Structure formats: C-alpha cells, structure tokens
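Below is one structure, written out as structure tokens; comments come after it.
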There are 2 protein chains.
Amino acid sequence: MTLTQLEYLLAVDTYRHFATAAEKCFVTQPTLSMQLQKLEEELGVQVFDRSRVPVRPTELGKDVIAQARVAVAEFKKIEELVKVQRDGISGELRIGIIPTLAPYLVPLFITDFIKKYPQVRITIQELVTNTIVEKLKLELLDVGLLVTPLHDKTIVEVPLFYEAFVGYLHPSHPLSSLKEITAEAIDPAELWLLNDGHCFRSQVLQLCNRAKDTRNVHLDYESGSLETLKRIVETQSGMTLLPELSVQELPADKTAMVRPFAEPQPLREVSLVVHRSFLKRKTIEALRDEIVTHLPQGLRERHPVRVVKIK
Amino acid sequence: MTLTQLEYLLAVDTYRHFATAAEKCFVTQPTLSMQLQKLEEELGVQVFDRSRVPVRPTELGKDVIAQARVAVAEFKKIEELVKVQRDGISGELRIGIIPTLAPYLVPLFITDFIKKYPQVRITIQELVTNTIVEKLKLELLDVGLLVTPLHDKTIVEVPLFYEAFVGYLHPSHPLSSLKEITAEAIDPAELWLLNDGHCFRSQVLQLCNRAKDTRNVHLDYESGSLETLKRIVETQSGMTLLPELSVQELPADKTAMVRPFAEPQPLREVSLVVHRSFLKRKTIEALRDEIVTHLPQGLRERHPVRVVKIK
DNA sequence: TAAAATAATAGATTTAAACTATTACCTTTA
DNA sequence: TAAAGGTAATAGTTTAAATCTATTATTTTA
C-alpha cells in the first residue's frame, strides 16, 4: 500500500469516474486503474463497485475511504508543519461562502488579509450551504463561511458573530409606520423570498413560524440574490427580511426603509467551518482573526440572544 | 514523500541507529540512508542530527516525527479495518504488564482469552511502568497493564478495577493480633519493600505517608518480586504490604497472615493503557472485556474509595 | 594511533510505476 | 436491434526509482 494508491482511491471516490480521477492526479487512466487493482488485491477487498455507472464504493469500501481520508490528511500535515515553519502562513486557501453573506462580509476583510499574508493565494466561491459542506468533505474547499449549526459530526464549527435580521419595507407598507417590527406582525405570505436552497430562505420562514415551505407567497418570482429583493422592495412594494450586514452601507433614503426587530432581536449564528481533519490550520486561524477584527463594532461585541436555527 | 520513507524515519527515531533501523525495516543501511536523505531534501529540513552519536532528531525533526507517527498509525488502521472485517479479531498483541500484577492477573484470563481468540498471537512482557510507557510510545508494545494515573497526554487510560492493599504479617508481629490494620499504625521503617523502580514501592511508601524515599528500612536487602517478600515474612519475621490479588489463592495457614486495612481501604487503580493512536482497537477491547469478566466478584463490583496515587 | 563503528557515496541490478495502444463490456440512442 | 459512445481493464513497452553490493569518509573508542 502506497500513499499514491490512496490518493488515487480518494480521487475516484471524489469524482466517481476513473478517467477524471486519473486526470486530476496527473496520470493516465490505465495507471490509476492498475494501482487501484493492486491496492484492492493487497487489502483483499473490493473498494469500488465498477458494475454501476457512475462507480460507487462498496459498503466496506466506504469505511476504507473514510479512513484513507484521515490518513492522507495526517500525512499532508507533515508537509504543512515544515512549510509553516519555513515560509510562515502561505499556500492556497479555498473559501466557500454563502451568497447572503459574501457581498457584505468579504469586502470587510479581504484587502487587509491579502496585504497581511501576501503568500496566501485565495479562491472564493459563492455556494449554498449544502454544496459547501459536500466540498469540504471532498477536500475541494478548505474552509466555509456560513450559518450554523449544521449538525454534522465531520464538520467543526467556529462561531464568528451573531447577525441580526432586519426588516426592509416599502414606505407604503403598513408596518413601515412602526419603529420596530416583530415576527408575529409579519405575514409570511407577503414576504419576498430567496430561491429554495438558500439557507436564508428557511431561516426567514422559520423566524415567522412557517417551518414548512410555502407556495404562492406573493408571486412565483423568487430571487437568487438579496440585492434583487431589495430592488423589488425599493421600486415596487411589500417587504423582505435582510441580514444586518447587508444594510450597513446604505444611503440615507434607503436606510429609512430599514426596521430592526424589537428586542430580543432574532439572530443568526455565522461561523467559519472546517473539516475535522483540520488541514491548513494556521492559515485558517489567521483568516478567522482577520474576519473578527474587521467586523463592525456592534457585531463583534454582541452576545447571542435568540438565535434562529436552520432546519 | 512515501509511506516507506516515513517508516524508515520512525525506525531511525526508535533505534537511533541507521544500521539497526535498516535491519528492522528489512533493507540495507544504504537504502535507508538514501531514502531518508530524499525525504529530508523534499521537506527541505534536516530531521536528524547525524553529527552526534547516537543520532538524534533536530528540534523541528521532533515535530515531524511526532506527526509522522500519527500519519503512519492512521495508515495502519486501513489495513486493520479490513482485517477485522475479514478475519475477526486476530493478529499480534504485545502486552506489557508490571511485575506486581502479572503473576496474579495474567492467569485469571489468559487461557480463556487464547481459547476465545485463537487467531491472536499474544506476547507478554513483565516491565516496570516507565519502560511500558516508553515502549508504547515507540509502538514496541500495543497495550499496557499497570497502575494509574500516569499524567501523560499521549497515553489513554482505561480503568479496569480498584485493588486493595493488604498487610501480610509474621505471627510474631505486634499488629498480628489485630483484625484490621491502619496506615498510621505501620512503621515504614520495618516494612519489607520492593526494589526502587517498582511503582508498588512508591505506592506503599506514599500510603504510609513517607512520600520521600527512605534508606535503611530494615535491611539493605530489597526484593524484585512480591513472592520473595512473602517468603521472607513467612519464614523470618516482620511485615509487608501486598496487593489484594496476590493473596487470593493462599493455603489456610498463609491466609491467616493476611490483615485487611480498616475501611475505607486504600486502593490502587489498575488500568489498561494504550497509545492515543488507538491501533488494534478491537483486539484491545476484547482483552479488556476478557480481563474484567474474569476478575473475582468482589473486585469487579468495588467502587473507588481511597485511591493511592503514584508520585 | 590503530581498530571499530557509523553513515554517506558510487555504480549495478531489480522492481515497479507510468505510458501508449488496444480490447472488453456496458449503456444509450438512432 | 445494431451502432455509437462511454467506461474501465488488459497488453506490452518505457521510464523511473528503489534496492543491492562494495567502498569510502568520518567519527569514536580502545
């Protein structure tokens, strides 16, 4: 059994396709096939069921793959150790972040982070929660920024801050006359909502005591970005709920459309999450510190009161 | 970096000698030397300081070695996983056990264990606590049976039972007239003791409130085995302290020389200990179960009251 | 200072990993 | 139902690298 064989094994598990896996490993498909056969022969078990398309692990194969991921991760930490010692914080950092956080959180810290750690190459992908979790498990991402808790044992959550929900209302909306709003006063049926799949959607519905998904809320139109929702409220009518960070830098006329919730404000827990293998630890710790120090004062100091849980 | 290279690395760390390490890896010394050089070159750091005899790790090398041990252990678990699935509990099990426990504990479970798990090849070594701990760290032992706590973060302790101390007195001894003895009544200066290095010695001294080591107790003669101490008390005079298991199967005339402590009896915590890498998990769990089920009734059900800590 | 011990180096040999080309075996589709 | 396309295995060759034996360079010990 060699380290290379395990890497081929993990690649096949990740891509579920021999040729693709081989390409990602920079070898040809027969090379990968043969090494996998040798590995299976040595272990005395079939790891993949090749009779199905796409290939998939056997039952025992799943355990082997899981342990192989642990072993290979521990292996990589040896190189990491030496690298951090020699070059300081450096290397590639692949971040996955949910779309309702990205446009407001990333600008806060990104330039200073790049200035402080010029040796780090950052990749940022806007993805929904489920995709981030999957990619973390396959080691296609190093770290995720999203809303927790996830209730996933293979993922480690590091809470960063607790973000309030706020109302965003057209001046014509009945609740617009109030200084503060409450969950009870909101009719979920008249809320502009994000597409299904965004965790912010389910958080909002849950906040309004509508655990189950709802059809014909307002219209069939459902947006993929908070900015679209804001634009609709601004130029048309109705209301929507937004996360606090998205209304930080509004011009005065638009700030007038924001209504905070009455205390205790509903909050969502925003966390940095990593796979429990804890690769690139130092770099990720640097990222966490950099995000936290760049948060608006109010957010950094807030304690969790009523946190909206997803699902 | 290959798995083989790491194994060479660990072997050199374990034996601190290239030729010996090479032999244990079943390769020649030049092979091992070259692979280690390649590894060091690839990592870009010197792992061993060869200018000293015997060779020793550099500061950074120590970290590399520690992480390499973790990685290689996780690697081995892949094979273990498959093996347990295929063959059930099997393979080699190297047990280290302290001399004050071995002759009384091993006979209790060993034959039934061998009968139940014929696929397991057992090796038992009688060693003092420190040696067992060192060998566990170097993976020269799989499991230790000794008295805890050890206060060592790399070792995991699984308490098995709480064993009482008892007095063993020559009929002529003044305390012999009493039914029970107490620590306060014992003069440590007139106790027959084991050699220095045995944890039972320090436990007994601690029990009698003599934390520091004492010279000229009784005589210069200090025994290496409890059986010798017993024989001295039986045929000569004086007293000694013994662990409970060592007086389980005595003939009537000798049982008469045993005096238990008054409640609360002083107890020592006997544990199964393993390295935190948790190799051979299933086999070791089987061992633990087998030991516990073969304990004398009284021992198995006893709760810890006053436990004598070592050092 | 000579002998012994230890690790590094040189060069040859063996082993095995990787490549190209092709085949076998599915599934999909025309 | 045959043809096309996709997928992994197999065959044979080349390339790379791990290991071996023999020897040298250095340090330690007697």
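Bear in mind the structure is a predicted one, so any value in this text is a computation, not a measurement. Letters go in sequence order (proteins before strands), and every chain restarts at 1.
The CD-C1' distance, from B:Gln37 to C:dA7, rounds to 9 Å in whole Å. Per the geometry, CZ belonging to A:Arg56 stands 17 Å off C1' belonging to D:dA8, to the nearest Å. Atom CZ of B:Arg50 and atom C1' of D:dA25 are 15 Å apart (whole Å). The nearest whole Å value for the distance from the CE atom in A:Met34 to the P atom in C:dT20 is 15 Å. Separating the CG atom of A:Leu39 from the C1' atom of C:dA18 is a distance of 17 Å, rounded to the nearest angstrom. With rounding to whole Å, B:Leu32 atom CG is found 10 Å from D:dC20 atom P. Rounded to whole Å, the distance from CG on B:Leu36 to C1' on C:dT9 is 15 Å. Distance, A:Glu40 CD to D:dA8 P: 13 Å, rounded to whole Å.
In terms of modelled atom types and a separation under 3.5 Å, the side chain of A:Glu42 and the main chain of A:Met1 share a donor-acceptor contact. Remark: side-chain polar atoms of B:Arg281 are not paired, donor with acceptor, to backbone N or O of B:Lys77 under 3.5 angstrom. Remark: side-chain polar atoms of B:Ser90 are not paired, donor with acceptor, to backbone N or O of B:Val120 under 3.5 angstrom. Checking side-chain atoms of A:Arg94 against main-chain N and O of A:Leu136 turns up no donor-acceptor pair under 3.5 Å. Panel note: side chain A:Glu74, backbone B:Val70; no donor-acceptor pair is recorded below 3.5 Å.
Residues satisfying the side chain to side chain donor-acceptor pair (under 3.5 Å) test with B:Thr154, not counting sequence neighbours, are B:Asp152. A:Lys135 meets the salt bridge (Lys or Arg N to Asp or Glu O under 4.0 Å) test with no other residue; sequence neighbours excluded.
Contact annotation: B:Ser33 reaches the phosphate of C:dA8 (side-chain N/O to OP1 or OP2, under 4.0 Å).
The distance from the CD atom of A:Gln29 to the CE atom of A:Met34 is 11.0 Å, given to the nearest 0.5 Å.
A salt bridge links B:Arg69 with B:Glu139; the closest basic N to acidic carboxylate O contact falls under 4.0 Å.
Atom CZ of A:Arg121 has 12 or fewer neighbouring heavy atoms from other residues, nucleotides or ligands inside a 6.0 Å radius. Heavy-atom contacts from other residues, nucleotides or ligands closer than 6.0 Å to CD of B:Glu23 number 12 or fewer.
Less than 4.0 Å separates DNA chain D from at least one heavy atom of each of the following residues of residues 17-29 of chain A: A:His17, A:Phe18, A:Ala19, A:Gln29.
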Measure all distances between protein nitrogen or oxygen atoms and nitrogen or oxygen atoms of nucleotides 27-30 of chain D, and list the pairs falling under 3.5 Å.
none

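Direction of the helix axis in the helix from C:dT1-D:dA30 to C:dA30-D:dT1 shifts by 20° between the two five-pair termini, rounded to 10°.
Closest approach of B:Asp142 to B:Ile284, counting heavy atoms only: O-CD1, 3.7 Å. When all heavy atoms are compared, the tightest approach of B:Asp13 to B:Leu138 is OD2-CD2, 4.4 Å.
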task = Determine, for nucleotides 13-18 of chain D in 5'-to-3' order, which nucleotides have protein heavy atoms under 4.0 Å from the base (write B), from only the sugar-phosphate (write S), or from neither (write -).
result = ----SS
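The nucleotide whose nearest atom lies closest to any side-chain atom of B:Pro30 is, among D:dA8, C:dA10, C:dA7, C:dA10.
For the pair B:Arg50 and B:Phe48, the cation-pi test (distance below 6.0 Å, angle within 45°) is failed.
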